[in-house]
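Here's the structure we're looking at; comments come further down.
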Amino acid sequence: MSSPRFLTALGTALFALGVQAHADLITWGSVQNATSPTEVSTSGVLVTARNLWNTTSASPTVNGVTFSAFGPTGWTQGGNLVLDGGTSGDANYDTLMNTSRATSEATLTNPTGWGGIRLDTLGSFALGGTYEIQVWFCDDRPGTAPNTFNDRVMTRSSATGAATIGTDGIVSNLGTLTVGTASGAMDADPNNTSGVTDTVFGSYVIGTFTRTSSDQLWLLCQGTHPDPLATLRPHINAFQIRDLSPQTPDVITWGTVQDATGPTEVSLNGTLITAKNCWNTTSASPTVNGVLFSAFSPTGWGNGGNNVLNGSTSGDAGYDTLMNTSRGTSEATLTNPTGWGGIRLDSLGALTIGRTYEVQVWFCDDRPGTGTAAINDRVMVFSSASGPASIGSTGIVSNLGSLTQGPLSGPLEADPNNASGAGDTVFGQWVIGTFTRTGTTQLWLLEQGSHPNLANTLRPHINAFQIRELPPPPPSTPFCFGDGTLADHTTPCPCANNGNSGNGCANSVNAAGANLATTGAAATDDLVLVGSGMPLTVSCIYLQGTVMDDVVFGDGVRCTGGTLLRLRTKTNVGGASSFPDSVETVTLSQRGGVTVGSGVTRYYQTYYRNSAALFCPPETFNVTNGQVVIW
């Protein structure tokens, strides 16, 4: 068995390295008067917005944010028409302020004074992400003394841990939770005025927190009144949570432009999401290399070329159909304010957050044209953009400056060998780009046309494209070997105690070193970390990190760094253990606070006791190799 001394010493070392020991708590800003819909924050990205109603469900949209009707567990009481005839002049904002929910137990009989709403079940929170929460409280009704409603005050706080909350909405085990600081006092009616002349409708406050673990996160609410005998339940009108973490919008990274020569160039990577054949005057849906391209006309792309192969043939009828016509925007390049035509991709098929996709695009026009307007000298360049694009009946993007634009592809020439007819072998060009879906923002394929003769008017054109979802990465990838190869790190084993290939540094009972492997898969949330080759009955700690590191740690090398989380301490049997094992009630993702399918990367290693006095002194612990998991 492992000694308390080992666990204490190793625990101290890990905490010194930044291992998480505490959970999420909300830090509150200054309380503000609630006056108008513009106070509804639009910072970052919305996670959830809730409108708490008493007797009627309503989901108003205020300042562009839709607040869904919501009744927290046990919060069955509340006030209806609490604006008491007041109005902000905005019907949706009035709806948000006009009713509230309250716990079923009054403050004077509430053993802790706090009502609780569990937040982590209302949206997806990424480990390490930063969030804000905005909360409103309003009640303009005067009531009757001593229970004057508009003199009520609400204070907000937060807590983490397994709260006990029942049908009355109150938290009964506050003493066992980690509780954060309280907000300032939120007055139900700061100016004690109601009716049509009122300009202040209660109070709101914004707090922020960083998601540091998978612990339960609770919003707490406590009510008070100037008259201590006035019965008062915790109340709330509405709240929203927004993700302030830096957002990485989807943009396409392009590969090398290739000559279009035959049907086998149609990619079969991964799984087909959509394939489109852009036609001018005739609809056709050819199957090429086993991929069905459905006939398609992008919004506003009303021009195009027909029979653009100009008599050339690849010998494959389906491929010839794909190359033989194209679509173009309805506005020429010289009169296009941005030069770019746009096709919205995320509306053409289901794209899953965290998954990686490829886009394959073709451009072909073998017609020679005349003089300086030689059609087969046309060039197309592709790009991408994320955000709400403004695109009208001509197919052009008019607000490119407000979008996040990705890199440019290389130029795709209409006819690289300037040949057509029966002897032609090159039919334009194609290019493949890749992107990872990181959010729900619009994703646009952009195209811009040019010509060697700058005076030649040219619209963006496209013949066909497809989107394919690429296979997910392997369940895990081993790294940080203590075998002397130093393949992905620079720190050698501390006393030349190299282990066998793929293992950690050698320990006192196993010259081969200990190994960390995995079973299962991240995608199915059944991934298990399996440690072996350690001393027979010692304790070990399974650890998760957010970035790679490269330092000596004990008798081994630690490559797991960043924000470190101690997953579990296990006792080895025969030098082996695992996490999760048969006694666990959580998955690895749940304990690690990561979302399956999110695409985030985590790094894992296992530390174990190795206290032989003469082996690689003076340290008393060692470490396995690591595993990299992309969730």
Side-chain angles (χ1 to χ4, degrees), residues 31-37 39-40 50-58 60 62 67 69-72 74-110 113-115 117 134-157 168-170 182-206 219-240:
V31 174
Q32 306 289 331
N33 287 343
T35 59
S36 73
E39 75 203 17
V40 174
R50 305 291 174 139
N51 178 35
L52 283 75
W53 272 75
N54 179 25
T55 58
T56 307
S57 295
V62 187
F67 289 78
F70 180 60
W75 292 54
T76 58
Q77 303 292 318
N80 200 31
L81 303 175
V82 298
L83 281 177
D84 199 34
T87 178
S88 67
D90 183 280
N92 287 325
Y93 180 81
D94 290 353
T95 297
L96 203 67
M97 295 290 100
N98 212 19
T99 63
S100 61
R101 282 270 187 169
T103 62
S104 302
E105 191 160 346
T107 303
L108 293 182
T109 56
N110 182 334
W114 292 96
I117 299 173
Q134 186 176 20
V135 187
W136 285 265
F137 172 52
C138 167
D139 197 336
D140 283 359
R141 299 171 299 171
T144 56
N147 195 19
T148 48
F149 297 133
N150 57 10
D151 288 332
R152 289 173 168 176
V153 171
M154 295 293 153
T155 302
R156 316 297 175 184
S157 186
D168 55 4
I170 66 168
S183 72
M186 301 176 67
D187 195 329
D189 184 13
N191 65 352
N192 284 353
T193 304
S194 60
V196 295
T197 61
D198 197 11
T199 58
V200 178
F201 314 99
S203 307
Y204 75 89
V205 66
I206 291 178
L219 172 65
L220 302 183
C221 178
Q222 187 179 60
T224 60
H225 194 282
D227 184 341
L229 297 180
T231 302
L232 179 61
R233 298 174 175 91
H235 272 65
I236 192 170
N237 293 66
F239 67 90
Q240 67 163 330

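One-based numbering along the sequence shown. Only a predicted model underlies this, so the values are computations on that prediction, with no experimental measurement involved.
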Is Pro37 close to Asn92 at the side-chain level, that is, under 4.5 Å between some pair of heavy atoms?
no
For Ser104 and Gly74, the nearest pair of non-hydrogen atoms, with its separation, is OG-O, 2.7 Å
Rounded to the nearest 0.5 Å, what's the gap from SG on Cys138 to CE on Met186? Could you check?
10.0 Å
Give a yes or no answer on whether the side chain of Ser183 reaches the backbone of Arg156 with a donor-acceptor pair at less than 3.5 Å.
yes
Classify the ring geometry between Tyr93 and Phe201 as parallel (under 30°), tilted (30 to 60°) or perpendicular (over 60°).
perpendicular
Is there a donor-acceptor contact under 3.5 Å from the side chain of Ser88 to the main chain of Ser36?
no
Spacing of Trp75 atom CH2 and Ile117 atom CD1 [to the nearest 0.5 Å]:
4.0 Å
First locate atom CD of Gln77, then atom OG1 of Thr103, and finally report the distance between them rounded to the nearest 0.5 Å.
8.0 Å
Measure the OG-CG distance between Ser203 and Asp139 for me, rounded to the nearest 0.5 Å.
11.5 Å
Quick check: closest heavy atoms across Glu105 and Asp168, and the distance to 0.1 Å?
OE1-OD2, 2.6 Å
Would you name the heavy atoms of Pro234 and Gly113 that are closest together and state the gap between them?
CG-O, 4.1 Å
Closest non-hydrogen atom pair, Thr76 against Arg101
CA-NH1, 3.5 Å
Tell me, please, which residues at least two apart from Thr87 pass side chain to side chain contact (heavy atoms under 4.5 Å, CB included).
Asp94
For the backbone of Ala102 and the side chain of Arg233, can you confirm whether one donor and one acceptor N or O come within less than 3.5 Å of each other?
no
Separation between CG (Leu81) and CG (Asp140), nearest 0.5 Å, reads 12.0 Å
Once side chain to side chain contact (heavy atoms under 4.5 Å, CB included) is applied, do any residues pair with Thr35, and if so which ones, sequence neighbours excluded?
Asn33, Glu39, Val200
Check the pair Val205, Phe137 against side-chain contact (heavy atoms from CB on, under 4.5 Å), reporting the backbone distance first and the verdict last.
CA-CA 9 Å; Val205 66; Phe137 172 52; over 6 Å; no
Looking at Asp189 and Thr193, would you say the former's side chain and the latter's main chain have a donor-acceptor pair under 3.5 Å?
yes
Tell me if a side-chain donor or acceptor on Asn237 pairs with a main-chain N or O of Met97 at a distance below 3.5 Å.
yes
Give me the atom names and distance for the closest heavy-atom approach of Val62 to Phe67.
CB-CE1, 4.2 Å
When rounded to the nearest 0.5 angstrom, what distance separates CG in Asn150 from CG in Asn191?
9.0 Å
For the student: nearest non-hydrogen atoms of Ala58 and Ala69, plus distance:
O-CB, 3.3 Å
Starting from the C-alpha separation in whole Å, work towards a yes-or-no answer on side-chain contact (heavy atoms from CB on, under 4.5 Å) for Trp136 and Gln240.
CA-CA 9 Å; Trp136 285 265; Gln240 67 163 330; 4.3 Å; yes
Do side-chain atoms of His225 reach the backbone of Thr148 as a donor and acceptor pair under 3.5 angstrom?
yes
